[in-house]
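Here's the structure we're looking at; comments come further down.
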2 protein chains.
Amino acid sequence: MGRVCIIPWCRVESFDTQKVPGNSRAMIRVLLAEDQAMVLGALSALLGLESDIEVVGAAADGETAWRDVQRLKPDVLVTDIEMPSLTGLELAQRIQRHEMTTKVVIVTTFARPGFLRRALDAGVAGYLLKDAPAENLAEALRKVHRGGRSIDPQLALDAWSEADPLNDRERQVLRLAGEGRSAGEIAGQLNLSQGTVRNYLSEAIGKLGVGNRIEAFRLARQKGWL
Amino acid sequence: MGRVCIIPWCRVESFDTQKVPGNSRAMIRVLLAEDQAMVLGALSALLGLESDIEVVGAAADGETAWRDVQRLKPDVLVTDIEMPSLTGLELAQRIQRHEMTTKVVIVTTFARPGFLRRALDAGVAGYLLKDAPAENLAEALRKVHRGGRSIDPQLALDAWSEADPLNDRERQVLRLAGEGRSAGEIAGQLNLSQGTVRNYLSEAIGKLGVGNRIEAFRLARQKGWL
DNA sequence: CATCGCTGGTGACAAGCGTCATTCGCCGGA
DNA sequence: TCCGGCGAATGACGCTTGTCACCAGCGATG
């Protein structure tokens, strides 16, 4: 199995991954997927410090990650969500559909309950935030490799407790308000009266427990409700 | 220049003979500032593999980074831009104003011309994108430490396009307004009068040629002027 | 048929927003 | 010394927002 290192100055063209110097133990074979090259390299370095983890590949976009998953059959895929050509969530779905043994751990910036929910539906075994301490990653990989799950606890709570309180109209109106449209403009665009638009906005503001449309928009977007 | 391959599964062992544990050599003392803990840890691991670089500290927000800069007086500060309490750009400004010898290298996701421009005004020596290959970082640090500069070339071109029309106050006010603060709240926070805040907002709205604070905020942020 | 509940609308009111003309103090340059 | 410019404040004006109480149609459900 020939493999090319994707990091340019790393000029090794291929080598044997099965055989690990001095250690035939339960080495966890990990594939990384992350579109920001520098973060990708850094994560690779980070995991490389762990004696029981072996980074067998690193992909910078969704499609190559998918090919690498099929080719390398890693124990664990560590992936970002936002990537070109194929998101981490779609990647997880494919792995689920193909009934592969590769576990998926999402590592992302976005603490949006909506994302977590979709990730769980796609059968991911881990969901970490980039805000979390770096040690958590290796720990999570071990847990997942043992068959466990590792979900950001704070986020897990949010995903259960908080359902989207907004209805369709409120979402529409809030989206436009967030772009700076006035009540009148929104009314024109949705074929409503100006007063009705203000009522919906007021409703949304009340439901979200904030003070104005801007905060309402920010909160709703942050929660993944828009 | 001896270099160690940073990618762990790339098992090239290139030894650096320069480096001695006693280190009388040009060890580059680096402070990291990055709000995403996992990325911070990963970058730390990445740079830790370089034989001529020593990571002397790692801060997760702007204020602690600033304290660490004063305390540790590192050769180079590697900082993200978007951080709580103090952005990387403000950090660079402070270092410039205090005429410290610490060089600043910005490492960010944002390829916004305005950011680069303000970074250059603040006298930073390097501006890298997280999209860039990981080995660029260490390379840039060395170049900067030798007194050189390392600016993302593509971005450097764009920077000459559009100038930021906003002044300091307008930026501050707009940032807070974008978070949903009212004129009164902003006034309290900046020790201004409510009327003055509205004047600044009006100015900003006019300069940007938009219709209200929300549009002004969105436009300014998109251009990298905040 | 009565009666909910839902979607949308009205009108009124206070508070906040955006604009403008004007003022004041202060600093730096001519 | 005077003058211009800048940062900040003021007050006034009209428009927009956020809130609330209330009303009208309309489809279900009893």
Side-chain angles (χ1 to χ4, degrees), chain A residues 163-223 225-226, chain B residues 86-87 89-90 93-94 96-97 99 114 117-118 121-122 163-223 225-226:
Chain A
D164 179 355
L166 304 174
N167 63 33
D168 259 13
R169 278 305 197 198
E170 288 157 1
R171 256 192 299 278
Q172 288 175 42
V173 164
L174 209 48
R175 240 192 309 260
L176 291 169
E179 291 171 13
R181 305 290 131 247
S182 73
E185 291 171 318
I186 297 173
Q189 204 156 335
L190 300 183
N191 292 316
L192 295 175
S193 88
Q194 196 169 140
T196 303
V197 168
R198 284 198 282 149
N199 284 339
Y200 282 134
L201 276 172
S202 184
E203 265 295 300
I205 290 168
K207 282 181 179 176
L208 299 180
V210 293
N212 59 49
R213 55 178 70 190
I214 306 180
E215 289 178 320
F217 173 77
R218 287 166 57 88
L219 178 58
R221 198 194 33 180
Q222 184 217 315
K223 295 282 189 184
W225 293 335
L226 290 185
Chain B
L86 202 67
T87 73
L89 294 174
E90 290 165 334
Q93 279 174 359
R94 286 202 188 176
Q96 187 183 38
R97 289 215 192 90
E99 295 178 354
R117 197 177 276 223
R118 276 199 288 151
D121 288 346
D164 178 358
L166 304 175
N167 64 34
D168 259 13
R169 277 306 196 198
E170 288 157 1
R171 256 192 299 278
Q172 287 177 42
V173 164
L174 210 49
R175 240 193 310 259
L176 292 170
E179 291 170 13
R181 304 290 131 248
S182 73
E185 291 170 319
I186 296 172
Q189 204 157 333
L190 300 182
N191 292 317
L192 295 175
S193 87
Q194 194 170 143
T196 304
V197 168
R198 286 197 283 151
N199 284 338
Y200 283 133
L201 276 172
S202 184
E203 265 295 300
I205 290 169
K207 283 181 178 176
L208 299 180
V210 294
N212 59 50
R213 56 179 67 192
I214 306 180
E215 289 179 320
F217 173 77
R218 287 166 58 88
L219 179 58
R221 196 191 36 177
Q222 183 215 316
K223 294 281 190 183
W225 294 333
L226 291 186

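In what follows, chains are A, B, ... by sequence order, proteins preceding strands, each numbered from 1.
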Query raised in the report: With the threshold set at 4.0 Å, does a side-chain nitrogen-carboxylate oxygen contact exist between B/Arg118 and B/Asp121?
Result: no

Query raised in the report: Are A/Arg218 and B/Glu179 close enough for a salt bridge, meaning some N to O gap below 4.0 Å?
Result: no

Requested in this report: Encode nucleotides 12-26 of chain D as B, S and - characters from 5' to 3', where the letter depends on protein heavy atoms closer than 4.0 Å: B to the base, S only to sugar-phosphate, - to neither.
Outcome: -----BBBB------

Requested in this report: Check each of B/Leu166, B/Ile186, B/Thr196 against B/Val173 using the side-chain contact (heavy atoms from CB on, under 4.5 Å) test, and report the only one that passes.
Outcome: B/Ile186

Report task. Look only at the side chain of B/Asn199 and the backbone of B/Ser202, and say whether a donor-acceptor pair between them is shorter than 3.5 Å. Result -> no

Query raised in the report: For B/Gln172 and B/Arg175, does a side-chain donor sit closer than 3.5 Å to a side-chain acceptor?
Result: no

**Report entry** With sequence neighbours excluded, residues passing side-chain hydrogen bond (donor to acceptor under 3.5 Å, both in side chains) with B/Glu203
**Finding:** none

Report task. Tell me, please, the opening and closing nucleotides of DNA chain C, 5' to 3', among those with an atom under 4.0 angstrom from a non-hydrogen atom of chain A. Result -> C/dT7 to C/dT10

Query raised in the report: Do B/Leu208 and B/Leu174 come within less than 4.5 Å of each other through their side chains, counting heavy atoms only?
Result: yes

Query raised in the report: Is there a side-chain polar atom (N or O) of B/Thr196 under 4.0 Å from OP1 or OP2 of D/dA9?
Result: yes

Report task. Would you give the length of the straight line joining atom CG of A/Leu176 to atom CZ of A/Arg213, rounded to the nearest 0.5 angstrom? Result -> 10.5 Å

